[in-house]
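Single-structure report; data block below.
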Amino acid sequence: MDDRYDPRKIETFWQAQWAQQNLYVAHEDPARRKFYLLEMFPYPSGDGLSVGHLHNYVPSDVVGRWRRMAGFNVLHPMGWDAFGLPAENDALLKGLHPKDTVPRYAENFKRQLKLVGCAYDWTREINSSFPDYYRWTQWFFLLLMRRGLAYRAVGSQWWCEKCRTILANEQVVNGCCWRHSDTPVTKKDLEQWYFRITAYADRLLAGLDGIDWPEPIKLMQRNWIGRSEGAEIGFPVTGHQESEVRFFTTRPDTVFGVSFMVLAPEHPLVAEITTADCRSTVEEYVERARRESEIERLSALREKTGVFTGAFAYNPFTQRNIPIWIADYVLMGYGTGAIMAAPGEDQRDFEFATRYGLEIPVVTAPADGSPPEPGRAFAAHGVTVNSGFLTGMPTVAAIEAVCRFVEERGLGRRAVSYRMRDWLISRQRYWGAPIPVVYCKSGCGIVPVPDEQLPVLLPDLKHYQPSGTGRSPLANVPEFLHTRCPKCGGEAERETDTLDGFACSSWYYLRFASPRYEAGPFDPEKANYWLPVDLYIGGAEHAVMHLLYARMWTKVMYDAGLIRFEEPFPVLRNQGMIWAADGQKMSKSKGNVVTPDAMVEKYGADPLRLWELFMGPFEEPTNWNEKGVVGTARYLARVWTLLRRYIGAGCPQGEPSPQTLRRVHRTIATVSEHIERLRFNTALSALMDELNYLSGLAPEEMGRVAVESYVLMLAPMAPHIAEELWRALGHGDSVHLQSWPKYDPELAREETVTVVVQVNGKVRERFTIDAGTPEAEVRSRALQSEAVARHLAGKAPKKIIYVPDKLVSIVA
RNA sequence: GCGAGAGUGGCGGAACGGCAGACGCGCCGGACUUAGGAUCCGGUGGAGCAAUCCGUGAGGGUUCAAGUCCCUCCUCUCGCACCA
């Protein structure tokens with residue numbers, strides 16, 4: 001054992017040893033309790049990992065190592081979310097090819113993870129852009145297709161000019177592309193593939209109740225799904241026998257207050273019903289709405305605009321004809337793309353009616369008879385007024401009455417509407433899994449590629465730049481494009497769009513159970529052993545994309561009888577974001593990125609790991625501060641010194657004092673509990689505290705138990721130094737194969753306690769007594785105190801509260 | 001606008017309704033040193049010589065006792081932003 005703690009020296013040595021010993025390779029073992037630990041599938045970016053990313057990987061590693069010591073059979077794998085726009089965009093920017101850059105970047109990530117001592121089972125490494133992986137991504141596409149969950153439809157969809165592709169709704173953030181926050185998305189009409197995630201809306205919602213996820217994430221999913229109950233009703237268009245305006249409303253009770261109707265500008269009825277004299281203004285408005293960037297159109301703060309179509313609808317409740325307008329505050333993608341406007345009860349309709357001088361009937365009044373707030377709609381529930389047969393009913397009863405009324409007369413029905421749309425999965429881009437279908441030219445239509453012909457290989461293209469025409473570059477590859485129909489053998493063309501990258505990450509957690517399996521996406525037996533994931537760790541930014549998609553796929557697999565669980569991630573935790581020292585996001589362009597490489601070089605991997613754990617609560621965001629690494633490096637040097645003293649004294653074998661033993665066991669209890677609850681910062685502070693205590697002892701007072709349990713507890717957090725110290729203590733095998741120290745509550749029990757005495761809520765005295773001293777004795781001792789007497793100032797105690805072994809509170 | 005979370009020393013942060021500030025950074029003093037940005041020892045919320053008083057964003061409340069529970073407000077962060 002060296003005199004001085006030299007992190008780099010021992011770290012490189014032990015990392016090589018571990019790799020040689022295959023220490024972290026997982027094997028199925030039905031006799032042992034499994035623990036599947038997983039971090040969210042990382043996209044290996046060219047910038048490599050920063051110390052911010054490590055705030056995810058290091059704590060996970062601690063959990064994995066700790067669970068292993070605690071007797072669990074741990075599966076902790078790693079792989080690469082390699083397909084998708086980020087990888088392709090990066091390669092385009094650098095004039096390189098993603099097939100070259102991605103493996104290189106992944107290697108770099110792997111190197112960095114090893115550099116900081118993270119223990120993964122690298123034999124299970126996967127890469128979603130490799131054919132042996134995306135073959136099964138394609139297989140899942142076909143599964144969804146077979147189950148009627150993948151379909152093709154024409155739609156006006158989000159388009160990012162920089163990515164030159166269509167985006168899913170979830171991938172549009174503040175009206176901009178999720179990868180380009182400076183690029184407003186526009187609309188483009190294309191025929192696209194969708195996954196029918198809305199068919200799972202209710203189950204995705206219900207499933208949230210049974211899983212242990214951070215409440216904010218569940219809430220975000222609930223809001224994203226956005227379930228609303230109401231009714232879908234149709235009002236006939238005056239003078240158009242066949243046509244009606246069908247609309248969804250959550251407030252059918254306000255039908256008597258409907259004074260006009262509004263269609264989305266894209267609504268198919270617009271062309272049909274617009275009268276000749278309104279045609280030019282309507283067409284102009286529709287055209288403008290299409291052109292306008294979504295960021296403008298989506299702003300709730302913007303003043304509402306619209307134009308009259310010249311047509312009227314018949315409101316069967318009021319028996320009046322009401323004007324039909326179009327306005328861009330009505331969205332084609334929600335409900336039926338049309339609304340009944342009840343301006344007295346809906347603030348948006350109110351604003352619109354005010355602006356265009358439309359009638360504003362009042363049909364709901366506050367239930368308590370108070371006057372409604374003037375100048376705005378009364379949107380709350382209340383009592384229905386001026387509404388024929390509904391008058392006098394409370395809102396809830398009126399809703400029910402209208403639903404029954406329209407159902408009886410065939411005017412409409414109860415309906416549920418979701419904010420969530422179907423998941424658009426076509427990408428007009430090169431770097432993704434080709435969608436495995438062909439279009440037969442002899443009338444077979446859309447034909448799925450048979451399972452045994454998978455994978456549909458992504459051709460190796462030199463020029464893979466997106467065309468911008470709305471077709472993927474694969475369309476320019478004749479040998480890819482032209483094929484035979486699997487059904488009739490006739491001429492056919494392949495689908496040239498690729499799958500959204502999120503498809504890859506929707507099932508990867510299953511692949512890790514049997515990453516080289518060839519008879520299916522996963523070996524059912526192995527998947528059955530390892531899954532579901534016991535602890536899933538990742539950033540909150542995936543609340544509505546990856547986490548929703550993965551849940552849906554899992555439910556599809558469950559329905560198909562492939563797996564026995566319906567939720568892939570029963571326990572989810574979010575690590576807090578680490579901001580740069582300047583409080584901004586770490587990014588290369590801002591020049592504020594701190595790399596693990598630099599920190600390991602300067603301080604060592606273990607000190608860096610400890611600082612990642614110690615800097616704050618795992619789930620809270622905080623700013624990077626390099627100074628802290630000095631502290632954890634110093635701490636480890638002191639641990640080193642402690643062990644050197646103990647070993648230097650010949651490893652005295654004597655029993656430690658009861659007091660020392662008590663401290664040791666209390667520390668075991670604290671560290672275990674805090675690691676389990678992912679409170680790494682306080683787990684480490686308990687170890688620091690313990691070190692401060694042990695450092696004050698002579699080697700022969702420490703005792704082997706204290707020293708060894710200390711090294712064992714350090715092992716998950718600082719694996720290299722712990723390994724070195726373990727060997728220095730004379731052990732032959734790895735510290736990481738040892739059992740976690742056993743906590744003995746008997747030995748941890750305090751014999752004496754400090755009791756505080758309060759007078760009128762202020763601490764005036766404290767004394768030490770034996771634990772479990774009878775109440776009467778403690779009370780009398782408290783009252784005997786000179787300080788207590790002084791503060792009582794002669795007054796008799798009115799009341800005395802006694803908390804055993806803790807406090808006496810005297811009220812005077 | 002709506003929803004969620006958070007405000008504690010100079011800093012990161014501790015604290016089952018029961019001694020606020022554990023642990024660490026920084027700082028101050030000392031020791032050892034040719035040297036110290038190494039190491040070790042001591043100190044460190046504010047005011048006061050002291051007893052003591054004041055202190056967890058602001059203001060109320062509940063309680064013997066509130067950082068913790070309740071109400072009102074302020075600030076910050078995040079999410080959703082015309083979803084009928």
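Hydrogens, waters and symmetry mates are skipped; everything else that's a heavy atom, side chains included, is used. All chains are named by letter (A, B, ...) in the order of the sequence lines, taking the proteins before the strands, and each is independently numbered beginning at 1.
Looking at heavy atoms from C-beta onward, A/R644 lies out of side-chain contact with A/Y5 at the 4.5 angstrom threshold. In this structure, A/L608 and A/Y603 have side chains that are not in contact, with every pair of non-hydrogen atoms separated by 4.5 Å or more. The shortest distance between side-chain heavy atoms of A/P797 and A/I810 falls below 4.5 Å. Counting heavy atoms from C-beta outward, A/H542 and A/I217 have side chains that stay 4.5 Å or more apart.
Nucleotide B/G48 forms no Watson-Crick or G-U wobble pair with any nucleotide shown, as no partner meets the under 3.5 Å limit on both distances. Using N1 to N3 plus N6-O4 or O6-N4 for Watson-Crick, or N1-O2 and O6-N3 for G-U wobble, each under 3.5 Å, B/G55 pairs with nothing. Both distances falling under 3.5 Å, in either a Watson-Crick or a G-U wobble arrangement, place B/C11 opposite B/G24. For B/G3, the paired nucleotide is B/C78, the pair qualifying as Watson-Crick or G-U wobble because both relevant distances are below 3.5 Å. Figure legend. B/U62 is base-paired to no nucleotide; pairs are counted as Watson-Crick or G-U wobble with both atom distances under 3.5 Å. Summarising the base pairing, B/G29 is matched to B/C41 through a Watson-Crick or G-U wobble pair whose two defining distances lie under 3.5 Å.
Positionally, the nearest nucleotide of RNA chain B for A/L684 lies more toward the 5' end than for the other of A/M340 and A/L684. Toward the 5′ end of RNA chain B lies the nearest nucleotide of A/S695, the other residue of the pair A/S695 and A/R790 mapping further downstream.
Put simply, A/R222 has no side-chain N or O that comes within less than 4.0 Å of OP1 or OP2 on B/A4. Contact annotation: A/N574 does not reach the phosphate of B/C78 (side-chain N/O to OP1 or OP2, under 4.0 Å). An OP1 or OP2 oxygen of B/C82 is reached within less than 4.0 angstrom by no side-chain nitrogen or oxygen of A/R355. Checking the phosphate oxygens (OP1, OP2) of B/G26, a side-chain nitrogen or oxygen of A/R634 falls inside 4.0 Å. Within the 4.0 Å cut-off from OP1 or OP2 of B/G13, at least one side-chain nitrogen or oxygen of A/T622 is found. Taking side-chain N and O atoms only, A/R638 has a distance below 4.0 Å to OP1 or OP2 of B/C40. Residue A/T682 places none of its side-chain N or O atoms closer than 4.0 Å to OP1 or OP2 of B/C23. Put simply, A/K806 has no side-chain N or O that comes within less than 4.0 Å of OP1 or OP2 on B/A65. For B/G24, the OP1/OP2 oxygens have no side-chain nitrogen or oxygen of A/N681 closer than 4.0 Å.
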Please list each protein N or O that sits under 3.5 Å from an N or O in nucleotides 33-35 of chain B, with the distance.
none

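Note on A/K627: only backbone sugar-phosphate atoms sit closer than 4.0 angstrom, heavy atoms only; bases stay farther off. Here A/N223 lies out of heavy-atom contact (under 4.0 Å) with every strand. At the heavy-atom level, A/R4 lies nowhere under 4.0 Å from the strands shown. Across all strands, A/N760 comes closer than 4.0 Å to no nucleic acid atom at all (heavy-atom distances). Residue contacts shown for A/T250 are limited to sugar-phosphate atoms, with no base heavy atom under 4.0 Å away.
Taking the P atoms as reference points, B/A22 lies 13 Å from B/A14, given to the whole Å. With P as the reference atom, B/G9 and B/A47 are 15 Å apart, rounded to whole Å. Atom name P, nucleotides B/U68 and B/C16: the rounded distance is 13 Å, in whole Å. Taking atom P in both B/C74 and B/G48, the straight-line distance is 36 Å, to the nearest Å. Nucleotides B/A20 and B/A15 place their C1' atoms 7 Å apart, quoted to the nearest Å. Using atom C1' as the reference point in both B/C28 and B/G10, the two lie 13 Å apart (nearest Å). Taking the C1' atom of each, B/U52 and B/U39 are spaced 40 Å apart, rounded to whole Å. Comparing the P positions of B/C27 and B/U8 gives an interatomic distance of 23 Å, to the nearest angstrom.
Ring pair A/W611/A/F614 is tilted by interplanar angle, where 30° to 60° counts as tilted.
Within 3.5 Å, a donor on the side chain of A/K304 pairs with an acceptor on the base of B/C82, or the reverse. Not a single donor-acceptor pair, N or O on each side, falls under 3.5 Å between the base of B/G13 and the side chain of A/E620.
Other residues, nucleotides and ligands place no more than 12 heavy atoms under 6.0 Å from the CD atom of A/E601. Atom CZ of A/R355 has more than 12 heavy atoms from other residues, nucleotides or ligands within 6.0 Å.
The glycosidic torsion of B/G67 lies more than 90° away from 0, which places this base in the anti conformation.
For an aromatic pair to be called close, the ring centres must be under 6.0 Å apart, and A/Y194 with A/W423 fails this. Within the 6.0 Å centre-distance limit, the rings of A/F235 and A/F247 are counted as a close aromatic pair. Between A/F352 and A/W325, a ring centre-to-centre spacing shorter than 6.0 Å is recorded.
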